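Okay, so here's the structure we're looking at.
Keep in mind that what you see is a predicted model, and the values were worked out from it rather than measured.
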Amino acid sequence: MADVSFSVEGVQELFQNLDILDTKANTGMNLALREGGEAGKSIFQNATPHKSGTARDSVNISNVSTDGASSYKSIKIGYGSESYWYMWFVHEGTYSKGNPKGISPRNHIENVLPEIMSTTQGVIANSMRDSLGGYL
């Protein structure tokens, strides 16, 4: 049987580099999600009807949340509590059989979702590429 040998320093260095890469990837992903959220927030605000009071100013981005079981990271973009319900009715409308003169639905966010998704994904991908540039 052939003798097999390896250097403990080499394995230790590999593990250290993997830890550094993991930390850098985690930090980079959080930053990328925030940058993508800012891009999505801008589109969200521009899609908000002009006559909606302070709704444009109340668009918020949540902190990055990480699912403990899957390590899936996400952020949320939406109206703050002060204008959420009002904007829900603006988006969905108030038509019903009992109120035929209600507000017609505008679907203002639904119409820009493809743009929000593609723009934020592009920003996230570019930011991750930049943050891991030395390791790719």
Side-chain angles (χ1 to χ4, degrees):
M1 184 185 270
D3 290 332
V4 177
S5 65
F6 58 91
S7 171
V8 174
E9 293 83 24
V11 172
Q12 195 67 14
E13 183 179 344
L14 172 66
F15 288 145
Q16 288 172 346
N17 286 338
L18 288 174
D19 285 342
I20 290 169
L21 180 60
D22 181 54
T23 301
K24 190 167 183 131
N26 188 42
T27 303
M29 180 52 81
N30 289 344
L31 178 63
L33 284 169
R34 287 187 192 102
E35 287 178 8
E38 287 295 332
K41 177 182 175 181
S42 175
I43 296 167
F44 203 100
Q45 286 174 322
N46 288 336
T48 301
H50 293 286
K51 294 182 179 181
S52 58
T54 61
R56 282 180 171 227
D57 297 331
S58 76
V59 176
N60 296 323
I61 303 170
S62 71
N63 288 327
V64 175
S65 63
T66 305
D67 183 302
S70 66
S71 298
Y72 178 81
K73 292 179 174 289
S74 63
I75 58 168
K76 295 178 184 176
I77 303 170
Y79 297 111
S81 60
E82 60 275 0
S83 59
Y84 174 79
W85 282 111
Y86 172 74
M87 291 311 296
W88 187 86
F89 287 110
V90 169
H91 185 269
E92 298 294 324
T94 59
Y95 279 127
S96 70
K97 291 180 182 177
N99 183 13
K101 295 182 180 181
I103 301 169
S104 61
R106 295 201 185 163
N107 299 326
H108 60 283
I109 298 303
E110 197 172 285
N111 294 333
V112 295
L113 275 179
E115 182 184 358
I116 291 172
M117 296 303 287
S118 66
T119 301
T120 55
Q121 287 174 353
V123 169
I124 290 168
N126 289 336
S127 182
M128 280 303 295
R129 197 173 295 116
D130 292 344
S131 70
L132 295 175
Y135 291 94
L136 296 178

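- Residue W88 holds its CH2 atom at 14.0 Å from OH of Y79, rounded to the nearest 0.5 Å.
- Across all non-hydrogen atoms, the minimal contact from A25 to M128 is O-CE, 3.9 Å.
- In the hydrophobic cluster analysis, where Ile, Leu, Val, Met, Phe, Trp and Tyr join through side-chain heavy atoms closer than 4.5 angstrom, I124 is grouped together with V64.
- Of all heavy-atom pairs between H108 and P49, the closest is CD2-CD, 3.7 Å.
- Taking the six-membered ring where the residue is Trp, F89 and W85 present tilted rings, their angle falling between 30° and 60°.
- Taking CZ of R56 as the start and CE of M87 as the end, the distance is 9.5 Å to the nearest 0.5 Å.
- Rounding to the nearest 0.5 Å places CD1 of I75 at 12.0 Å from CG of N60.
- Between S131 and M29, every side-chain heavy-atom pair lies at or beyond the 4.5 Å cut-off.
- In this structure, the side chains of N26 and K73 come closer than 4.5 Å at one or more pairs of heavy atoms.
- Residue L31 is not grouped with residue L33 when hydrophobic side chains (ILVMFWY) are merged at heavy-atom distances under 4.5 angstrom, including chains of intermediate members.
- In this structure, the side chains of R34 and I61 stay at 4.5 Å or more apart for every pair of heavy atoms.
- For the side-chain contact (heavy atoms from CB on, under 4.5 Å) test, residues two or more places apart in sequence or in another chain that qualify with K76 are S62.
- Minimum heavy-atom separation, A55 to S83: CA-OG, 3.8 Å.
- Panel note: side chain N46, backbone S42; a donor-acceptor pair is recorded below 3.5 Å.
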May I have the list of side-chain donor-acceptor pairs in residues 111-123 shorter than 3.5 Å, sequence neighbours left out?
from : atom 1 : to   : atom 2 : distance (Å)
N111 : ND2    : N107 : O      : 3.0
S118 : OG     : P114 : O      : 3.2
S118 : OG     : E115 : O      : 3.3
T119 : OG1    : E115 : O      : 2.8
T120 : OG1    : I116 : O      : 2.8
T120 : OG1    : M117 : O      : 3.1

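- Looking at T66 and Y72, their side chains never come closer than 4.5 Å, going by heavy atoms from C-beta outward.
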